[in-house]
Student: 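Could you have a look at this structure, given as structure tokens, before my questions?
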Amino acid sequence: MENHENNNQKRPYKGGNHKNHYNRHRNGKHHGKPRNKPMGEAAENNELEETVPAESVKVQQQENSFSTGFSPEPEEERKYMFDYEPEQTIEKPKEDANIEVVGIKFRNGSKIYYFSPNGISFEKGEHAIVETVRGVEYGEVALGNKMVGESEVVFPLKPVLRKSTKEDDQRNTENRKLEESAKPIWHEKVKKNGLDMQLVDVEYTHDNAKLCFYFTADGRVDFRELVKDLAGVFRTRIELRQIGVRDEAKLFGGLGSCGRPFCCNTFLPDFAQVSIKMAKEQNLSLSSSKISGACGRLMCCLRFEQDTYEREYATFPKVDTIVDTPKGRGVIVESSFLTGRIKVKMNNDQSLKIFGKTELKPLGMIKVKEEVSEDLKKLEDK
């Protein structure tokens with residue numbers, strides 16, 4: 001027995017020791033194959049490697065390490081997986097505001113468009129003549145001269161032609177009268193062609209080079225003959241533009257259920273998708289009369305308030321959450337971060353009790369099958 005132990009000590013290491021052989025097998029190394037140097041090896045191990053076989057040192061260092069039984073990853077992958085340091089957020093340098101613009105909005109619209117002032121100084125409330133993709137238009141200055149960065153500008157940036165003169169103001173007034181006189185002719189020609197189209201608005205460009213009719217209709221309409229008839233009367237370029245019910249409300253304006261002017265007509269530049277899910281997350285009554293606007297679609301305020309609800313409910317328990325309370329276990333049936341009150345239906349007696357956020361311990365969520373009525377589905381944008 002002594003000779004056998006001495007022979008094992010004298011014999012060069014080839015993994016023959018049962019314990020070391022098991023460790024090498026556990027770490028995915030067989031038959032004396034070299035393995036990658038473990039990451040973060042101490043400096044003193046380099047001195048030890050001069051007299052002790054490198055494989056023996058590495059196996060001993062891995063005896064207490066966790067292994068999955070797979071071959072070790074390359075050193076670069078190990079460093080990425082086990083020695084990862086969170087990437088530091090680098091603040092981007094502020095963009096230089098080196099482009100001078102003037103903000104102009106047009107009739108029946110709240111969106112502000114940037115134009116190059118072309119060396120002219122403008123004040124808010126003044127009027128200007130600009131050239132757009134639709135032609136020469138008469139607009140109101142909503143933002144005076146200001147400097148902005150390139151990311152805020154849509155190129156090419158068209159220049160302002162001039163400040164409006166008295167002649168321009170007078171011509172704009174005359175164009176409004178011509179637009180009103182064009183409406184009866186529209187109705188006459190639509191009736192003649194047997195079309196089902198509802199006129200929303202009429203708009204002349206400032207130079208009278210184009211006359212645009214805005215209308216609503218159910219489905220697509222073949223209005224080629226109508227365009228010919230209108231062009232024969234007005235002797236100018238005719239454009240017919242079909243719009244949706246939201247655009248109609250934006251053009252006409254009005255008062256919402258809150259008593260304030262329509263959001264789309266006052267400050268919303270564009271329409272965004274609105275869904276029934278937003279009404280549910282905001283704990284609103286799923287009644288078509290209470291969550292729909294004058295246009296017959298879901299109210300726009302559901303969308304631009306949704307970001308606030310998502311941010312607050314990220315740390316606030318939601319409806320249908322199972323919670324532990326000081327009075328037992330229950331399910332949240334009503335939750336409002338605005339008031340901080342959470343109404344819980346208790347499991348023991350089915351009573352409703354009100355708690356604060358700090359009194360509850362969330363345990364999970366109840367899976368509820370959401371069913372939306374056909375009337376509510378019609379309110380969503382297609």
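Just so you know, residue 1 is the first one in the sequence shown, and it goes up from there.
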Student: Taking the six-membered ring of Y113 (Phe, Tyr or Trp), confirm whether the NZ or CZ of K105 is under 6.0 Å from its centre and within 45° of its axis.
Tutor: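 No.
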Student: With sequence neighbours excluded, what pairs up with Q282 under the side-chain hydrogen bond (donor to acceptor under 3.5 Å, both in side chains) test?
Tutor: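 With sequence neighbours excluded, Q282 shows a side-chain hydrogen bond (donor to acceptor under 3.5 Å, both in side chains) to Q306, given in chain and number order.
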Student: If you measure from the Lys or Arg side-chain nitrogens to the Asp or Glu carboxylate oxygens, is any gap between K191 and E188 under 4.0 Å?
Tutor: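 Salt bridge absent between K191 and E188.
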Student: Looking only at atom types and distance, does a side-chain atom of K357 sit under 3.5 Å from a main-chain N or O of T315, one as donor and one as acceptor?
Tutor: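 A pair under 3.5 Å: yes.
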Student: Under 3.5 Å, is there a donor on one side chain and an acceptor on the other for E100 and N145?
Tutor: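 Yes, N145 and E100 have a side-chain donor paired with an acceptor closer than 3.5 Å.
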Student: Quick check: do V102 and V141 have side-chain heavy atoms less than 4.5 Å from each other?
Tutor: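 Yes; the side chains approach each other to less than 4.5 Å.
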Student: Using distance alone, with no hydrogens and no angle criterion, decide if E281 and N283 have a side-chain donor and acceptor under 3.5 Å apart.
Tutor: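 Checked: E281/N283 side chains show no N/O donor-acceptor pair below 3.5 Å.
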Student: Within the 4.5 Å heavy-atom criterion, are T325 and E359 side-chain neighbours or not?
Tutor: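 Answer no - side chains too far apart.
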Student: Going by the ring pair (Phe, Tyr, Trp, His ring centres under 6.0 Å) test, which pairs reach into residues 135-192, not counting sequence neighbours?
Tutor: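 For residues 135-192, and leaving out neighbouring residues, the ring pair (Phe, Tyr, Trp, His ring centres under 6.0 Å) pairs sorted by first residue read H127-Y138, Y138-H206, W186-F213.
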Student: Which residues pass the side-chain hydrogen bond (donor to acceptor under 3.5 Å, both in side chains) test with N348, not counting sequence neighbours?
Tutor: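 By the side-chain hydrogen bond (donor to acceptor under 3.5 Å, both in side chains) rule, N348 matches no residue at all.
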Student: So S289 and S287, side chain to side chain donor-acceptor pair (under 3.5 Å) or not? Walk me through it.
Tutor: CA-CA 5 Å; S289 61; S287 171; 3.1 Å; yes
Student: Assess whether atom CG of D218 is packed by more than 12 heavy atoms of other residues, nucleotides or ligands within 6.0 Å.
Tutor: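 Count not over threshold, so no.
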Student: Do the side chains of E150 and V148 get nearer than 4.5 Å, heavy atoms only?
Tutor: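 Counting from C-beta outward, V148 and E150 never come under 4.5 Å.
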Student: Give every residue pair that meets the ring pair (Phe, Tyr, Trp, His ring centres under 6.0 Å) criterion with at least one member in residues 320-367, sequence neighbours excluded.
Tutor: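 Qualifying pairs, neighbours excluded: Y309-F337, Y313-F337.
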Student: I'd like to know if L251 and F271 are part of one continuous hydrophobic network [Ile/Leu/Val/Met/Phe/Trp/Tyr, side-chain heavy atoms within less than 4.5 Å].
Tutor: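 The answer is no; the residues belong to distinct hydrophobic clusters.
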Student: Any chain of hydrophobic side-chain contacts (each under 4.5 Å) joining L199 to I185?
Tutor: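 They do share one cluster, since a chain of ILVMFWY contacts under 4.5 Å joins L199 to I185.
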Student: For E137 and T132: C-alpha separation, side-chain torsions, deciding distance, then whether side chain to side chain donor-acceptor pair (under 3.5 Å) applies.
Tutor: CA-CA 7 Å; E137 295 196 60; T132 68; 2.8 Å; yes
Student: Determine whether the side chains of D207 and T205 contain a donor N or O and an acceptor N or O closer than 3.5 Å.
Tutor: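 The criterion, which ignores hydrogens and geometry beyond distance, is satisfied for T205 and D207.
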Student: Less than 4.0 Å between a side-chain N and a carboxylate O, is that true for R176 and E179?
Tutor: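 A salt bridge is present here (some side-chain N lies under 4.0 Å from a carboxylate O).
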Student: What residues, two or more places apart in sequence or in another chain, satisfy side-chain hydrogen bond (donor to acceptor under 3.5 Å, both in side chains) together with E312?
Tutor: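 Not a single residue meets the side-chain hydrogen bond (donor to acceptor under 3.5 Å, both in side chains) criterion with E312.
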Student: Going only through I, L, V, M, F, W and Y residues with side-chain contacts under 4.5 Å, is there a path from L178 to L230?
Tutor: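 In one cluster: yes.
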Student: Less than 3.5 Å apart, any donor N or O on the side chain of R171 or N175 sitting next to an acceptor on the other?
Tutor: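 Checked: R171/N175 side chains show no N/O donor-acceptor pair below 3.5 Å.
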Student: Considering residues at least two apart in sequence or located in another chain, which fulfil the side-chain hydrogen bond (donor to acceptor under 3.5 Å, both in side chains) criterion with N98?
Tutor: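 Checked N98 against side-chain hydrogen bond (donor to acceptor under 3.5 Å, both in side chains); zero matches.
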Student: With a 6.0 Å cut-off (strictly less than), is the heavy-atom count around NZ of K192, excluding the residue itself, greater than 12?
Tutor: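 Atom NZ in K192 is not packed in, count stays at 12 or less.
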